[in-house]
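First comes the structure, then the notes that go with it.
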Amino acid sequence: MTATVRRTSCNLCEAICGVLVTVADGRVTDIRGDASDPLSRGHICPKAVALKDLQEDPDRLTRPVRRTADGWLELEWDEAYEYVVERLTAIQREHGKNAVGVYLGNPNVHSLGAMTHLPPTVKLLRTRNRFSATSVDQLPHMLACHLLYGHQLMVPVADIDRTGYLLVLGANPLASNGSMMTAPGFGRRLKEVRARGGKVVVVDPRRTETAAVADEHHFVRPGTDAAFLLALIHQVIADGDARPARYVDGLEAVAEAVRDWTPELAAEVTGIDAETVRRIAAEFAQAERAACYGRVGVSTQQFGAVCHWAIQVLNIITGNLDRPGGVMIPRPAVDTLRGIGKGHLGSWRSRVRGLPEFGGELPAAALAEEILTPGEGQIRAMVTVAGNPVLSLPTGGRLDEALGSLEFMVAVDPYINETTRHADVILPPTPPLERDHYDLAFHQLAVRNTARWNDAVLPRPAGSRHDWEIFRGLGLALLRRTPRSRRKLIATARLRLHPRRIVDAGLRVGPYRLSVAQLRKSAGGIDLGPLQPALPQALRTPERRIDLAQPLILADLPGVRATLFAPSNGDELLLIGRRHLRSNNSWMHNSARLVKGKPRHQLLMNPADLDRRELSDGQLVEVTSAAGSVVVEVAASNDMMPGVVSLPHGFGHGRPGARLSVANGVAGPSANDVTDAGRTDPVAGTAALNGVPVTVSSAPDPVPAAPSSP
Ligand SMILES: Nc1nc2c(c(=O)[nH]1)N[C@H]1C(S)=C(S)[C@@H](COP(=O)(O)OP(=O)(O)OC[C@H]3O[C@@H](n4cnc5c(=O)[nH]c(N)nc54)[C@H](O)[C@@H]3O)O[C@H]1N2
Ligand SMILES: Nc1nc2c(c(=O)[nH]1)N[C@H]1C(S)=C(S)[C@@H](COP(=O)(O)OP(=O)(O)OC[C@H]3O[C@@H](n4cnc5c(=O)[nH]c(N)nc54)[C@H](O)[C@@H]3O)O[C@H]1N2
Ligand code: SF4
Ligand SMILES: [Mo]
């Protein structure tokens, strides 16, 4: 047996850790961290080893399949492309272009082939009914950056390796490994901040794993961070500590807008006392280098757009934008911003509820109603790519029903799961270890400029297809049905380009003039150094200036106040989400190695809230919102803020027809059967998955025992 060690990176999450994979006789025998990777420095988490499980999973499809009365039948690839495109175009001919809807899920940003070949193919469908996980995730970050810096992806990241003060809101990087901030080994990096004498402050309704290693943790009432942040801005200005760079306008208008948002006012709704707000404002403004970072908890909530604008404003007015140890704009070896538009909001609206598009996509919270509501423009066919919206979108049960009502559905996905079981055709791509990789997305968000190219670790089996080849196959089949034109020629040539050629060209014209050949020669990747100041030259705003006083945001502030100060029902609790290190959204539950051990799906609740309802730890409870209810075991936890309960998303397996031998046995309901698609951010349209008002009571009838873990 000859074993060889191959270098690659794990692309299951945004940390893009370098890994060393040992292969013997064509099989993976070991996976460990690659200490020569200048970004991840040897860090990995337990999910990296699950790359092997993914590779060897007998449930993973390798050939296209078509659903028939006699079950799933295999198809040839070319036959599958033709059949899919024939059905989609027939539906569009009859009902218009918008009759085909598209939903793009999270793993697309983790795959080179999807980054290079999915957008041009989706474009060929010419539908306005495009949706993605963005609007249940980072949309508010992108909107804030579009408004302030002139590009949706010009996202300043916290310069964690040099900062002296890190203020974290609604993020739990010790479980998630960081997001919109590629910082592998986040835990070690946090320790280094403290070892340098710096301070880490966490604001979260749950005392999380991250809060546990911070200097300070403050409970905040879910959905009220906007008040906390506005009060911080108010206080910084009141203290005379606002000193934005010379290319920043609009401070006076902001001062006016936050005049009433005193720490005392904010304290009434946030639960964080005024003295603490004043102290944090002073510490943040006076720290030599400080960074405020907010993530899912302050994105997928009702005022996500205001929160992310306010986070940027706080960093800007304290002089921390574009300074080492503050927040800085990465300069990756391939300039991702070049290939992606600067963003736009509200150029069209969803048909049924009138929610605004952002960057060409409609809010995913509107997807189910766009399928279920009859009339002109109704979605009658769906294309899902690397998404499991039945488990990941709010009011997922309604979407489950909606997908079942379609005339046609195609999924590009390796699994027959809760979503793809509704598809007529499934086109499965090769798994990560069989693909080349260069990270076009996450070098743009990384705390250090580095670059690495990975050749596929394993050869792919005959008859399989990479995702980019699938998009090429579908795209060319669509193009064959369009008349000859210059545009058609360009689109055809573009789809025929190999992803490696695209990356190579991007590297060559990029800021460091690199090439794939050069990257291939460097073991764990090339270190391009710490983040560098880039402003105002890099700004994409018309005058290369930043206008803090964004009318869209300022106009929302009275609404924030009205909503936050509206009386609430006394029995109500607020539901929030959580993530676990050994779990990955909805789709890694088919790895026995990851799901083994204690169950992780329970509703966490403060013991005082249990007592008040005469509930006991471990019993089954019913969690009910305006949108639906689920039954789940409750677990008492002093880490929960009183009045708040937490349920992770991505569970809810075991639905008929899903072919997931391990995941189907994993207990726990889908949190998104209680989240409410009707709750969206009034500015951005992002789903308010956190802060959902719910009641919790003893489960009414004994329910059959939930399936136990294998
Ligand atoms: N309540 C609640 N809901 C949430 C969240 C929350 O915090 N709370 N978080 C939201 C967030 S941040 C996100 S990103 C979304 C995620 O939502 P989605 O992107 O819709 O869901 P995932 O669970 O990531 O599902 C990934 C799908 O891609 C498939 N897949 C895996 N690898 C590949 C691949 O290489 N190629 C292809 N083509 N398919 C692949 C998997 O089989 C699975 O079907 O969920 C959101 N939903
Ligand atoms: N292990 C693992 N890693 C992952 C994922 C995974 O599923 N598992 N998913 C990946 C994806 S797609 C993403 S987007 C990232 C997400 O990365 P993170 O945002 O770091 O992940 P979460 O653990 O969801 O952290 C959100 C935090 O917000 C808190 N929160 C909820 N509501 C509020 C609120 O109103 N205010 C405040 N201040 N806090 C609130 C929650 O208690 C939680 O601690 O993680 C990525 N990494
Ligand atoms: S943190 Fe874990 S899942 Fe994320 S890239 Fe690193 S090894 Fe993979
Ligand atoms: Mo996400």
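We count ligands from 1, going down the list as the structure has it; atoms in each ligand are counted the same way.
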Given [options], which one has a non-hydrogen atom that is nearest to [atom]?
atom                    : options                       : value
atom 43 (C) of ligand 1 : Thr430, Asp413, Asn585        : Asp413
atom 47 (N) of ligand 1 : Pro389, Ser392, Ala386        : Ser392
atom 26 (C) of ligand 1 : Gly105, Gly113, Pro107        : Pro107
atom 11 (C) of ligand 1 : Arg295, Arg60, Arg579, His589 : Arg579

Do any N or O atoms from the side chain of [X] and from the backbone of [Y] form a donor-acceptor pair under 3.5 angstrom?
X      : Y      : value
Ser625 : Thr675 : no
Thr182 : Glu14  : yes
His437 : Asn454 : no
Gln602 : Leu604 : no

Check your understanding: Using a heavy-atom cut-off of under 4.0 Å, does the side chain or the backbone of His110 touch ligand 1, or both, or neither?
Key ->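 None of His110 does.
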**Study point:** Under-4.0 Å heavy-atom contact with ligand 1, by part of Asn388 that carries it
**Key:**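 Both backbone and side chain.
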Tell me: protein heavy atom nearest [atom], and distance?
atom                    : answer
atom 6 (C) of ligand 1  : His649 ND1, 3.3 Å
atom 4 (Fe) of ligand 3 : Cys13 SG, 2.3 Å
atom 1 (N) of ligand 1  : Asn672 OD1, 2.9 Å
atom 2 (Fe) of ligand 3 : Cys45 SG, 2.3 Å
atom 34 (C) of ligand 1 : Arg435 NH1, 4.0 Å
atom 8 (Fe) of ligand 3 : Cys10 SG, 2.3 Å

Point to revise | Plane angle bin for His466 and Trp468 - parallel if under 30°, tilted between 30 and 60°, otherwise perpendicular | key: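 Parallel: the ring planes of Trp468 and His466 meet at under 30°.
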Non-hydrogen side-chain atoms of [X] and [Y] separated by less than 4.5 Å:
X      : Y      : result
Leu112 : Leu440 : yes
Val383 : Val84  : no
Arg6   : Val23  : yes
Val595 : Arg582 : no
Glu469 : His117 : no
Asn172 : Arg578 : no

Check your understanding: Does Arg578 come within less than 4.0 Å of ligand 1, judged by its heavy atoms?
Key ->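 No, Arg578 has no heavy atoms under 4.0 Å from ligand 1.
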Practice item. Measure the distances from the heavy atoms of Gln138 to every atom of ligand 1 and state whether one is below 4.0 angstrom. Key: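 Gln138: no contact with ligand 1 (<4.0 Å).
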[X] heavy atoms, cut-off 4.0 Å: which ligand 1 atoms fall inside?
X      : answer
Val412 : 37 (C), 38 (N), 39 (N)
Gly387 : 20 (O), 27 (C), 28 (O), 44 (O)
Val136 : 10 (C), 11 (C), 12 (S), 46 (C)
Ser586 : 22 (P), 23 (O), 25 (O)
Pro429 : 36 (N), 37 (C), 38 (N)
Tyr415 : 42 (O)
Asn106 : 14 (S), 19 (O), 24 (O)
Asn417 : 42 (O), 43 (C), 44 (O)

[X] with [Y]: basic N within carboxylate O range, under 4.0 Å:
X      : Y      : answer
Asp204 : Arg295 : no
Arg448 : Asp161 : no
Asp53  : Lys596 : no
Arg41  : Glu192 : yes

Practice item. Establish, from distance only, whether the side-chain atoms of Ser36 and Asp34 form a donor-acceptor pair under 3.5 Å. Key: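 Asp34 and Ser36 do have a side-chain donor-acceptor pair below 3.5 Å.
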Tell me whether [X] has any N or O atom under 3.5 angstrom from an N or O of ligand 1.
X      : result
Pro414 : no
Tyr103 : yes
Asp137 : no

Point to revise | N, O or S from His43 under 2.8 Å to atom 6 (Fe) of ligand 3 | key: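 No.
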Check your understanding: ligand 3 versus Ile16, non-hydrogen atoms closer than 4.0 Å: side chain, backbone, both, neither?
Key ->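 It is the backbone that gets close, since no side chain atom is under 4.0 Å.
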Exercise for review: Using 2.8 Å as a strict upper limit, say whether an N, O or S atom of Cys17 approaches atom 4 (Fe) of ligand 3 that closely.
Suggested key: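 Within the cut-off used here (under 2.8 Å), Cys17 places no N, O or S atom near atom 4 (Fe) of ligand 3.
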Check your understanding: In terms of atom number and element, which parts of ligand 3 are under 4.0 angstrom from non-hydrogen atoms of Ala48?
Key ->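 Listed by number with element, the hits are 7 (S).
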Practice item. Pick out which of His601, Arg600, His589 makes a side chain to side chain donor-acceptor pair (under 3.5 Å) with Ser583. Key: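 Exactly one pass, corresponding to His589.
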